Amino acid sequence: MSQTIRKAVFPAAGLGTRFLPATKVMPKEMLPVVDKPIIQYGVEEAIASGCDEVIIVTGRGKVLMEDHFDISFELEHSLAQRNKPGLLKTAQLVARMAHVSTVRQKEPLGLGHAVLMAKRLVGNEPFGVILPDDLVDSPGNPCLKQLIDVFEEKHASVIATQIVEGKAISAYGVLDAKPVPGFNGRLYEISDMVEKPKFEDAPSNLAIIGRYVLTPRIFEMIETIKPGAGGELQLTDALRMLLQHEKIYGYVFEGKRHDAGDKLGFLKATVEYALEREDLGPDFLEYLKSLDLNHMGRGKK
Ligand code: G1P
């Protein structure tokens, strides 16, 4: 069977205020985890999942992202002249890894609205959504691919989910869902969902994580919903409405997710990704072991 999901949408128009002043000029999606901008991890995941079209929903001041995935003639020329084949390959790969289009979200009206901006570029076919702040490390089987596999069997929208214990659940969209037999106990059929509920009101501990495979009917739903949590057009509310027409599944993906949109999450991702690197891991580990951790980390500044 040919690949049914070819396009991946990346909502990347947010202001990144949690990282000021670093993000005053630079898009937060361009902050590097080790040596790669956050968004590149997502784009590589989409490609490894079989997508060949990347649609980035950008906002004001986000042109750096377009440049990043474009050919830098000067850089490539200079690396070739200086006989740096390794670096040249790295620079070339970024520009040639996928067909990238961008569309602007002119007003910050929420995640649902950002996805709606991709309607024309997506057209009438199912598509993936990757929230670039959510880094998912799942070697061997990329998170989006795991959802695509479910989609190809169920022919319905699929949302990545993971268990979040305690009050932290209030920072997420939360599913009301029942397990479906098979799929190693990872698949749930969703009956309802709510965006950022109070802890007491959360219907379960199954949090929505930033990977989705959606049917194109979602656009119609986004066009109908009213502003929800935070006064924004929420994707969760549009999905809730979609439930009245189609089944939606939640899939407890295999892999480790980092919230790189949060300072602590970003630091954890940096440490773990660096430790996994062949070229850096051993030396970095030695360094970490040499730290006198009992006398550090109390916070002075
Ligand atoms: C968004 C979604 C939310 C989801 C979260 C995952 O929220 O609206 O449902 O749980 O991403 O990262 P945000 O974190 O953008 O406020």
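Counting starts at 1 for both ligands and their atoms, in listed order. Note that the coordinates shown come from a computational prediction; the quantities given were computed from them, not determined experimentally.
Given atom 12 (O) of ligand 1, the protein heavy atom at minimum distance is D134 OD2, 2.8 Å. Nearest non-hydrogen protein atom to atom 11 (O) of ligand 1 is L131 CD1, 3.3 Å. In terms of protein heavy-atom proximity, atom 9 (O) of ligand 1 is nearest to E195 OE1, 2.7 Å.
Smallest separation of non-hydrogen atoms from M97 and I47: O-CD1, 3.1 Å.
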Which atom pairs, donor and acceptor, lie under 3.5 Å between side-chain atoms of residues 117-138 and protein residues at least two apart or in another chain?
unit_1	atom_1	unit_2	atom_2	d
K119	NZ	E223	OE2	3.0
E125	OE1	R6	NE	3.4
E125	OE1	R6	NH2	3.4
E125	OE2	R6	NH2	2.9
E125	OE2	K7	NZ	3.4
D133	OD2	K28	NZ	2.8
D134	OD1	R257	NE	3.0
D134	OD1	R257	NH2	2.7
D134	OD2	G210	N	2.7
S138	OG	N141	O	3.1
S138	OG	C143	N	3.2

Which pairs would a plain distance check flag for residues 13-21, meaning a side-chain donor or acceptor within less than 3.5 Å of a matching protein atom at least two apart in sequence or in another chain?
unit_1	atom_1	unit_2	atom_2	d
R18	NE	G261	O	3.1
R18	NH2	G261	O	3.3

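Taking the charged nitrogens against the carboxylate oxygens, D35 and R277 do have a contact shorter than 4.0 Å, which makes a salt bridge. Look at E195 and R240 and you find no salt bridge, because none of the NZ, NE, NH1 or NH2 atoms lies under 4.0 Å from a carboxylate O. Using a 4.0 Å cut-off between charged side-chain N and carboxylate O, R96 and E76 make a salt bridge.
The residue among R257, K196, Q162 with a heavy atom at the shortest distance from atom 7 (O) of ligand 1 is K196. For the residues D237, D259, I208, the heavy atom positioned nearest atom 10 (O) of ligand 1 is part of I208.
For ligand 1, the atoms lying closer than 4.0 Å to a non-hydrogen atom of Y172 are 10 (O). The T236 neighbourhood of ligand 1 comprises atoms 9 (O), with distances under 4.0 Å to a heavy atom of that residue.
Annotation: A171 places no N or O atom under 3.5 Å from an N or O atom of ligand 1; distance criterion only.
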